There are 2 protein chains.
Amino acid sequence: MRKKQSAEKVAKRPDKSTSVKLDTGPLATSIGFALRMASFATTQRFHEAMRAFDLRPAQFGTLVLIAANPGVRQRDLSEALRIEKANFAGLLDNLERRNLVERRSEPEDRRRYAIHLTRDGQGLLRRACRAHDRMEAGFQKLLPARATKQFLANLARITVE
Amino acid sequence: MRKKQSAEKVAKRPDKSTSVKLDTGPLATSIGFALRMASFATTQRFHEAMRAFDLRPAQFGTLVLIAANPGVRQRDLSEALRIEKANFAGLLDNLERRNLVERRSEPEDRRRYAIHLTRDGQGLLRRACRAHDRMEAGFQKLLPARATKQFLANLARITVE
DNA sequence: TATTGTTATACTCTATAACTATA
DNA sequence: TATAGTTATAGAGTATAACAATA
């Protein structure tokens, strides 16, 4: 993608249709901006990796959390994923229409649903997780050796409440 | 906002209307997911810090890059910020209507605009940067002492191309 | 009265294609 | 032909309020 600075830009004219490296000023030391850019990059990779499964980040996260917490309540899922309950209803509708998850009513509190994966959901998630793990291995290779654990811990510190 | 665990939840029934900590399964070691959550958290803080200036992340980033690169071309700005040029036109329109930036036509290539901050834009940015710096100092305090530089370097490694 | 989940709505963000004017 | 910038549009993501059913 990146063309090296032509050595013979001499006489003609620069005609720099190539990308220009900008001074990022105070953004160069901005944790918020760096997180934004890094998250954008990994999200792009996520979409590539999950294209075959038609799963977006929030959908994949939902399936993973259900698998790890069978029977979890809808409200706890949406809170853990930082998704408004109003928006989460539609997300779950979509996964249920695709026969990946199942809402089971709870007799002891009939306002609540216990959410479970279907067999199809388990199967799709298993394959999606393999793609996810390959993607994550690629991210780890971008970091210094044995730096991942500390990096994840620092991200968790930033992710307060 | 957060209710402390009532000490007399004793006999009655748990009635856990408080939030439940879920097992995050393979997301616990997912760099992509951790970045997503951390970026979400810092973006929330950004909106609080910038409410007084009515600047969203992309708008603030735009002003900062213009200040650091006066006369920059619109295309280079949108590329640096990873914003589609089609969407960036409207963003700049908004900043121009608010008299914060100015598009100057370039005689040597009349397709291009050279983007500059107005006096108002410089003034607003100066104040916004102070709020931004305070916010960033808050983020740094969440990290171990002297860990910021390495953390930023690792974020930059993830942000490829 | 408070909580779980739903519906409706609006606003922002992102992505794509088609267009103009220039080169 | 290719590039800079614009317009239009559609799809996601996000936020808020109001509601029904239940506790």
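None of these values were measured; they are calculated from a predicted model. Computed over heavy atoms, backbone and side chain alike; hydrogens, waters and symmetry mates excluded. Proteins come first, then strands; the chains are lettered A, B, ... in the order of their sequence lines, and each starts at number 1.
Whole-Å rounding puts the A:Glu84 CD to C:dT3 P distance at 15 Å. Distance, B:Glu106 CD to D:dA4 P: 11 Å, rounded to whole Å. Computed from coordinates, the B:Glu79 CD to D:dG5 C1' distance equals 13 Å when rounded to whole Å. Note: CZ (A:Arg82) to P (D:dT14) measures 13 Å, nearest angstrom. The nearest whole Å value for the distance from the CZ atom in A:Arg110 to the P atom in C:dG5 is 14 Å. When rounded to the nearest whole Å, the span between CZ of A:Arg73 and P of C:dT6 equals 14 Å. Atom-to-atom, CZ of B:Phe40 to C1' of D:dG13 comes out at 10 Å; the value is rounded to the nearest Å. In this structure, the CD1 atom of B:Ile83 is 9 Å from the P atom of C:dC13, given to the nearest Å.
Within residues 50-63 of chain B, no residue approaches DNA chain D, by heavy-atom distance under 4.0 Å. Across residues 85-96 of chain B, B:Ala86, B:Asn87 each have a non-hydrogen atom less than 4.0 Å from an atom of DNA chain C (numbered order).
A salt bridge does not link B:Arg110 to B:Glu106: none of the charged side-chain nitrogens sits closer than 4.0 Å to a carboxylate oxygen. Ion pairing between B:Asp93 and B:Arg103 holds under the 4.0 Å rule for side-chain N and carboxylate O.
Residue order along DNA chain C, read from the 5' end via each residue's closest nucleotide, puts A:Tyr113 first among A:Tyr113 and A:His47.
Contact annotation: B:Gln44 does not reach the phosphate of D:dT14 (side-chain N/O to OP1 or OP2, under 4.0 Å). In terms of phosphate contacts, B:Arg103 brings a side-chain nitrogen or oxygen within less than 4.0 Å of OP1 or OP2 of D:dT6. Under 4.0 angstrom from either OP1 or OP2 of C:dG5 there lies no side-chain N or O belonging to A:Arg112. Between B:Arg111 and the phosphate of C:dA21, there is no side-chain N or O to OP1/OP2 separation shorter than 4.0 Å.
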List the atom pairs, donor and acceptor, that lie under 3.5 Å between side-chain atoms in residues 123-136 of chain B and the rest of the protein, sequence neighbours left out.
residue: B:His132; atom: NE2; partner: A:Ser30; partner atom: OG; Å: 3.2
residue: B:Glu136; atom: OE1; partner: A:Ile31; partner atom: N; Å: 2.6
residue: B:Glu136; atom: OE2; partner: A:Ser30; partner atom: OG; Å: 3.0
residue: B:Glu136; atom: OE2; partner: A:Ile31; partner atom: N; Å: 3.3
residue: B:Glu136; atom: OE2; partner: A:Gly32; partner atom: N; Å: 3.0

Using distance only, find each side-chain donor-acceptor pair of residues 55-65 of chain B under 3.5 Å and give its atom names and separation, not counting sequence neighbours.
residue: B:Gln59; atom: OE1; partner: B:Arg56; partner atom: N; Å: 2.8
residue: B:Thr62; atom: OG1; partner: B:Ala58; partner atom: O; Å: 2.7

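In this structure A:Gln150 satisfies the side-chain hydrogen bond (donor to acceptor under 3.5 Å, both in side chains) test together with A:Asn154, sequence neighbours excluded. In this structure, A:Asn87 has no side-chain hydrogen bond (donor to acceptor under 3.5 Å, both in side chains) partners at least two apart in sequence or on a different chain. Take B:Ala38 and apply the side-chain contact (heavy atoms from CB on, under 4.5 Å) test, not counting sequence neighbours, and it matches A:Leu35, A:Leu155, A:Ile158, A:Thr159. For A:Phe88, the ring pair (Phe, Tyr, Trp, His ring centres under 6.0 Å) criterion is met by no residue, not counting sequence neighbours. Evaluation of the salt bridge (Lys or Arg N to Asp or Glu O under 4.0 Å) rule for A:Asp120 yields no partner, not counting sequence neighbours.
Contact annotation for B:Gln74: backbone-only contact, meaning every heavy-atom pair under 4.0 Å involves sugar-phosphate atoms and none involves a base.
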